[in-house]
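Okay, so here's the structure we're looking at.
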Amino acid sequence: INYMMRKLPDAQKGAVRKIKKGDCLWNIAKQELNNPKATNKQISEYMLLIAKLNGLETLDKMNNLKINDEIYMPVLQGQVPAAEKPSGTQTKTQVQNPKTDAEQAFAQIKDDLFNDESIRVVQASPRFLRLYHVYQNYTNKEVGYTTNSHPVISFNVDANGKFQKGSFEGEKNINNYGYDYNIDENGTITENGKYKPKKEGQISQEDMRLVTKRLEELTYDAPVSY
């Protein structure tokens, strides 16, 4: 939890919310996001942001809120705290500039590349294609499915071993017959398999530098998959 909280943006204290019967941080986060299309990952991150702001840094503290306890709602940088908003405006806090599905998926890929010890890389055959596949261990308890070859990202390198382009799955898995998105060396994400692909996100230069360097390192001595 502490590791995940450190990855979240800093926020200032906004509106005060009093805990009512039946409240829990998950439901509060879902209500405050006020977005019926919010994914479980978005709700979970916003829940941890609320917990971080209120010093609830352990599961025990997060689960021990009592009726009439008061907690602060987050206000991210660039937002106006509820107390400073003109009367008649909505007071619910919204996450500003939310990441697209593609950007969220790429953020998870970055995290996996540096923190998942099950990550492994194989080179596709024939070698001259210079195509690599990154896999990880994966378990879906709901359907009883486990594999050590869950795809993370596939990518090409040039003759000098430098990253050229990659393809990866989105959080929502919108394409059942292939990867959802492509990403180039500049961090521009586009739809996969489209004649005129639409831009679906932009990754910062710093994040692209870190990820491409990591991918290039993983190609060293990668076995060939026949």
Side-chain angles (χ1 to χ4, degrees), residues 1-117 136-146 150 169-174 200-201 203-204 207:
I1 289 177
N2 288 332
Y3 166 73
M4 295 178 69
M5 283 184 175
R6 285 196 299 270
K7 293 166 50 179
L8 297 173
D10 291 326
Q12 59 179 309
K13 293 178 179 179
V16 175
R17 176 159 179 159
K18 185 175 287 189
I19 301 300
K20 305 188 302 292
K21 185 177 180 180
D23 272 348
C24 66
L25 281 187
W26 176 272
N27 289 338
I28 291 171
K30 188 174 182 179
Q31 291 168 15
E32 289 293 324
L33 280 174
N34 194 28
N35 179 3
K37 295 183 179 180
T39 64
N40 286 344
K41 185 174 184 293
Q42 289 173 312
I43 298 171
S44 177
E45 288 180 348
Y46 199 69
M47 176 187 72
L48 290 175
L49 188 60
I50 296 171
K52 177 182 177 181
L53 181 67
N54 289 277
L56 307 173
E57 69 277 7
T58 66
L59 280 175
D60 187 54
K61 290 181 179 179
M62 292 168 65
N63 292 328
N64 266 315
L65 291 173
K66 296 179 175 56
I67 295 174
N68 292 326
D69 282 352
E70 293 184 341
I71 58 174
Y72 292 98
M73 294 297 103
V75 177
L76 302 183
Q77 186 176 6
Q79 290 180 312
V80 180
E84 300 176 12
K85 288 186 178 180
S87 60
T89 60
Q90 292 184 350
T91 59
K92 286 194 174 181
T93 304
Q94 298 290 331
V95 178
Q96 200 161 30
N97 298 324
K99 290 182 178 180
T100 65
D101 176 65
E103 290 167 341
Q104 290 182 59
F106 194 82
Q108 184 60 53
I109 289 170
K110 176 189 172 187
D111 186 65
D112 290 341
L113 288 173
F114 286 96
N115 298 295
D116 187 344
E117 295 182 356
Q136 67 184 167
N137 295 348
Y138 173 76
T139 298
N140 186 326
K141 294 181 179 179
E142 293 181 3
V143 298
Y145 173 72
T146 298
H150 182 69
E169 201 72 76
E171 292 281 310
K172 298 178 181 177
N173 189 21
I174 58 178
E200 292 289 347
I203 303 303
S204 70
D207 277 354

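Counting all heavy atoms, side chain and backbone alike, L49 lies closest to A11 at CD1-CB, 4.4 Å. In plain terms, the two heavy atoms of L56 and L25 that are nearest each other are CD1-CD1, 4.1 Å. Nearest heavy atom pair, residue G201 against residue E103, reads CA-OE2, 3.4 Å. Pairing each heavy atom of P74 with each of Y46, the nearest pair is CD-OH, 3.7 Å. Between A105 and G170, the shortest heavy-atom distance links the atoms CB-CA, 3.8 Å. For D23 against K18, the heavy-atom pair with the smallest separation is OD2-O, 4.0 Å.
Using a 4.5 Å heavy-atom threshold, the side chains of R17 and I50 count as separate. Counting only heavy atoms from C-beta outward, the side chains of I28 and I19 approach each other to under 4.5 Å. At a threshold of 4.5 Å between non-hydrogen side-chain atoms, the residues W26 and N40 count as touching.
Rounding to the nearest 0.5 Å places CD of E45 at 10.5 Å from CE of M47. Separating the CD atom in Q42 from the CG atom in N35 is a distance of 6.5 Å, to the nearest 0.5 Å. In this structure, CG in N115 is found 10.0 Å from NZ in K110, a value given to the nearest 0.5 Å. Atom CG of D101 sits about 9.5 Å away from atom CD of E169, to the nearest 0.5 Å. Between the CG atom of D207 and the CD1 atom of I109 there is a distance of 12.0 Å, given to the nearest 0.5 Å. To the nearest 0.5 angstrom, D112 atom CG is 11.0 Å from N137 atom CG.
No donor-acceptor contact under 3.5 angstrom links the side chains of N27 and Q31, judged on distance only.
Around the CD atom of E70, the shell of radius 6.0 Å holds more than 12 heavy atoms that belong to other residues, nucleotides or ligands.
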